[in-house]
Amino acid sequence: MKAIVYRGPRQVAVEERPDPKIEQPGDAIVRITTTNICGSDLHMYEGRTSVEEGKILGHENMGIVEAVGPGISRIKVGDRVSVPFNIACGTCRNCIGGWTSFCLRTNPTEGMDGAAYGYANMGPYDGGQAEYLRVPYADFNLLELPPGTEHENDFTMLSDIFPTGWHGTELARMQPGDRVVVYGAGPVGLLAAHSAMIRGASQVFVVDKEKDRLDLAGKIGATAVDFSRGDPVEQVLDATGGRGADCGVEAVGYQAHDPSGDEHPELVLDNLVKSVRSTGGIGVVGVYVPEDPGAGSDAAKEGRIGFDYGTFFAKGQHMGTGQAPVMRYNRHLRDLIIGGRAQPSFLVSHELPLSEAVEGYDRFDKREAGWTKVLLRPSESA
Ligand code: NAD
Ligand code: ZN
Ligand code: ZN
């Protein structure tokens, strides 16, 4: 089969790989119909992780079940499914508690709970930017979708970024009527904003500097805040009578930068502490890492991010963090799509065959205007 493989910083290649096989009784093989490039893939693409060369990338996968192992009873060949990016066993303490993003069994990496497809430090699993994908514990993990091809571009957001955006609002303990500030208008930030609107926010601010992304935020009814035109904190405080938003979502991550492009990993956390009111919540879904050899300071190289913890404490705020447990939300979000209440496909800008993925990575990585979310279609040839 054809697959997208990591070959070093800013290098991916389309390569021939053996088709995946059933290895365990609970496995399924999924023929991928749509797989997305994610902002999380860019941390690897830019050489800012320890991902090994030769890894097949891709954790945002959906498709049709092609084969199932002898231990499978729920899922059937021919089912149309969304594959949560978390690989979870379903029976460990964290899975039973609903925290499939911290499964205790599926990731053999020392000190890391939780596994994923095609990702640095998340276990030995191939990704789905390929024609086929092996799914462990498939009866537990796979989400069934209505047959056919309807809503393909909406449903493809169920494997990661729609649940992740929703999780950001959940970690922030958002309530109906809240004013919500979201930092980052990438796909995750935009779907956090979409989630906040669906959950009854009275106003949603979205902070970024990329005009096309801010325009999309405006299109879904959010208030765009351009941080290249002045301090975003002042803009949010001015718009809220000096009080600040009721809660906030961090959808940027450790490569946060200032308007000139210089990285400051503490910048967005500091801005959130300042632009959220006292006792408000902050949901951090942007990724931070324990080791970042490419960081600008010695502390940040060891994951030590010097944000304003003093003000955070003084304001009595709370913060929730981590990878999203997709399964906690994906059934509800699927049904919101089917019911016409959610349209996460609004951010799709490109639908490409695998052969054009190399260019897709390059242009999405440069945040080129108009490249907001790239979907790959492995069954289509260029
Ligand atoms: P992205 O890189 O496309 O978007 C990030 C956006 O942040 C960009 O538009 C950038 O211009 C903006 N930005 C940079 N510095 C900023 C600043 N100082 N203030 C405001 N905005 C700033 O990525 P994405 O796909 O939207 O993902 C966002 C983050 O979420 C990444 O760190 C990704 O790894 C992470 N993520 C986490 C999970 C999870 O489960 N927790 C899942 C998916 C993605
Ligand atoms: Zn993703
Ligand atoms: Zn588990």
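Read the numbers this way: they start at 1 and go in the same order the structure lists the ligands and their atoms.
Of all protein heavy atoms, the one closest to atom 6 (C) of ligand 1 is Asp208 OD2, 3.6 Å. Remark: minimum distance from atom 41 (N) of ligand 1 to any protein heavy atom is reached at Val285 O, 2.9 Å. Nearest protein heavy-atom neighbour of atom 39 (C) of ligand 1: Gln323 OE1, 3.4 Å. Residue, atom and distance of the protein heavy atom nearest to atom 19 (N) of ligand 1 are Phe227 CE2, 3.4 Å. Atom 23 (O) of ligand 1 has its closest protein heavy atom at Gly39 CA, 3.5 Å. For atom 34 (O) of ligand 1, the nearest protein heavy atom (residue, atom name, distance) is Ser40 OG, 2.7 Å. Nearest non-hydrogen protein atom to atom 28 (C) of ligand 1 is Ala251 O, 3.3 Å. Here the heavy atom of the protein found nearest to atom 42 (C) of ligand 1 is Asp160 OD1, 3.1 Å.
By the 3.5 Å distance cut-off applied to N or O atoms, Leu42 is not counted among the residues near ligand 1. Residue His43 places at least one N or O, backbone or side chain, under 3.5 Å from an N or O of ligand 1. On a distance-only criterion, Pro187 and ligand 1 share at least one N/O pair closer than 3.5 Å. Polar contact check, Gly189 against ligand 1: no nitrogen or oxygen pair lies under 3.5 Å apart. For ligand 1, the polar-atom distance check finds an N/O of Val287 within less than 3.5 Å of one of the ligand's N/O atoms. No N or O atom of Lys209 sits closer than 3.5 Å to an N or O atom of ligand 1. The distance criterion of under 3.5 Å between nitrogen or oxygen atoms is met by Gly322 with respect to ligand 1. Of the N or O atoms in Val252, one or more lie within a sub-3.5 Å distance of an N or O in ligand 1. No N or O atom of Phe364 sits closer than 3.5 Å to an N or O atom of ligand 1. At a 3.5 angstrom cut-off on N or O pairs, Gln255 does not count as close to ligand 1.
With 3.5 Å as the limit, one finds no donor-acceptor pair spanning the side chains of Asn271 and Ser275. Using modelled atom types, one finds a donor on one side chain and an acceptor on the other under 3.5 Å when comparing Thr91 with Arg105. Side-chain polar atoms of Thr33 and Arg31 form no donor-acceptor pair below 3.5 angstrom. In summary, the side chains of Glu131 and Ser379 do not present any donor paired with an acceptor at a separation below 3.5 Å, with no hydrogens or angles considered. Glu266 and Tyr254 form no side-chain donor-acceptor contact under 3.5 Å, judged by distance and modelled atom types alone.
Using a 4.0 Å cut-off between heavy atoms, Asn271 makes no contact with ligand 1 at all. Counting heavy atoms under 4.0 Å from ligand 1, residue Thr164 touches it through the side chain alone. Contacts between Arg367 and ligand 1 below 4.0 angstrom, taking non-hydrogen atoms only, involve the side chain exclusively.
Vertex the Zn ion (ligand 2); arms to Cys38 SG and His59 NE2; angle rounded to 10 degrees, 110°. To the nearest 10 degrees, the Zn ion (ligand 3) sees SG of Cys103 and SG of Cys92 at an angle of 120°.
Under the 4.5 Å side-chain heavy-atom criterion for ILVMFWY residues, no single connected hydrophobic cluster contains both Ile32 and Met157. Both Val206 and Trp166 are part of a single hydrophobic cluster, where members link through side-chain heavy atoms under 4.5 Å apart. In the hydrophobic cluster analysis, where Ile, Leu, Val, Met, Phe, Trp and Tyr join through side-chain heavy atoms closer than 4.5 angstrom, Val225 is grouped together with Val233.
Those atoms of ligand 1 with a heavy atom of Leu267 less than 4.0 angstrom away are 18 (N). Listed by number with element, the atoms of ligand 1 under 4.0 Å from a non-hydrogen atom of Val268 are 17 (C), 18 (N), 19 (N). Below 4.0 Å from some heavy atom of Gly184 lie the following atoms of ligand 1, by number and element: 7 (O), 20 (C), 21 (N). Heavy-atom proximity to Gly253, at under 4.0 Å, picks out these atoms of ligand 1: 32 (O).
Atom CZ of residue Arg17 and atom CD1 of residue Ile4 lie 11.0 Å apart, to the nearest 0.5 angstrom. Separating the CG atom in Asp208 from the CG atom in Asp226 is a distance of 8.0 Å, to the nearest 0.5 Å. Between the CD1 atom of Ile72 and the CD1 atom of Ile22 there is a distance of 7.5 Å, given to the nearest 0.5 Å. Rounded to the nearest 0.5 Å, atoms NE2 (His43) and OG1 (Thr49) are 9.5 Å apart.
With contacts defined as side-chain heavy-atom distances shorter than 4.5 Å, the pair Tyr137/Thr106 qualifies. Looking only at side-chain heavy atoms (C-beta outward), Asp79 and Val77 stay at 4.5 Å or farther from each other. Residues Gln323 and Phe85 are in side-chain contact: their nearest non-hydrogen atoms beyond the backbone lie under 4.5 Å apart.
For atom 30 (O) of ligand 1, the nearest non-hydrogen atom from the set Pro163, Pro325, Gly286, Cys38 comes from Gly286.
Residues His59 and Tyr117 keep their aromatic ring centres 6.0 Å or farther apart. Between Phe364 and His350, the distance separating the two ring centers is not shorter than 6.0 angstrom.
When Thr156, Asn36, Thr34 are each tested for a side-chain hydrogen bond (donor to acceptor under 3.5 Å, both in side chains) with Glu60, only one passes: Asn36.
Residue-level check: among N/O/S atoms of Asp160, OD2 sits closest to the Zn ion (ligand 2). No other N/O/S atom of Glu60 lies as close to the Zn ion (ligand 2) as OE2 does.
For Ser101, the closest heavy-atom approach to ligand 1 does not fall below 4.0 Å. Using a 4.0 Å heavy-atom cutoff, Phe85 is listed among the residues neighbouring ligand 1.
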